[in-house]
Amino acid sequence: MEQLMKREASVPPLPLRGDARGVSPLSERECEVLRWAAAGKTSCEIGMILGVTERTINFHVASAISKLNASNKTHAAVKALLLGIIVFS
């Protein structure tokens, strides 16, 4: 039991909602792309909505993933929502 408590004490806490310290700021376009991704749109669909190519969308997604230290598009969208970087209206 004591070992378990020591291990749990060494795990850093998850950031609180809106606590985006240590995260590079996202561009307006990256936020827009992540909002659409969080709404369930594919890169191709987001590209059609925004009037740009799927490749451009994937560029913005990759940039957001890197800035948020996420593993994929879904992780980046969820992280941005939890941190309050993007919101649904």
Side-chain angles (χ1 to χ4, degrees):
M1 182 69 159
E2 197 173 307
Q3 289 176 338
L4 179 62
M5 291 177 71
K6 285 181 184 177
R7 188 174 25 168
E8 285 181 4
S10 67
V11 175
L14 292 174
L16 300 173
R17 184 183 261 303
D19 184 7
R21 288 177 291 186
V23 174
S24 298
L26 300 183
S27 71
E28 224 173 289
R29 186 62 110 180
E30 290 162 350
C31 289
E32 187 175 23
V33 167
L34 287 182
R35 272 193 297 277
W36 283 113
K41 301 296 183 188
T42 66
S43 293
C44 183
E45 291 169 327
I46 298 168
M48 289 191 291
I49 292 165
L50 300 179
V52 297
T53 66
E54 182 178 3
R55 181 178 162 95
T56 300
I57 297 303
N58 288 334
F59 170 83
H60 291 300
V61 168
S63 180
I65 287 170
S66 176
K67 288 179 180 180
L68 292 169
N69 196 27
S71 4
N72 56 43
K73 178 168 64 172
T74 303
H75 186 202
V78 169
K79 219 169 173 181
L81 281 165
L82 290 174
L83 292 172
I85 295 170
I86 62 172
V87 293
F88 282 113
S89 18

R29/E32 salt bridge by N-O under 4.0 Å criterion
yes
For S43 and E54, which heavy atoms make the closest approach, and how far apart are they?
CB-CG, 3.8 Å
Other members of the hydrophobic cluster containing L50, with the 4.5 Å side-chain heavy-atom rule, please.
V33, W36, I46, I49, V52, I57, V61, I65
Main chain of V23, side chain of K67: is a donor-acceptor contact present, judged purely on distance under 3.5 Å?
no
How close do A80 and L68 get, counting heavy atoms only, and between which atoms?
CB-CD1, 4.1 Å
Search all heavy atoms of H75 against all heavy atoms of N69 and return the closest pair with its distance.
CE1-O, 4.2 Å
Give me the atom names and distance for the closest heavy-atom approach of C31 to I86.
O-CG2, 3.7 Å
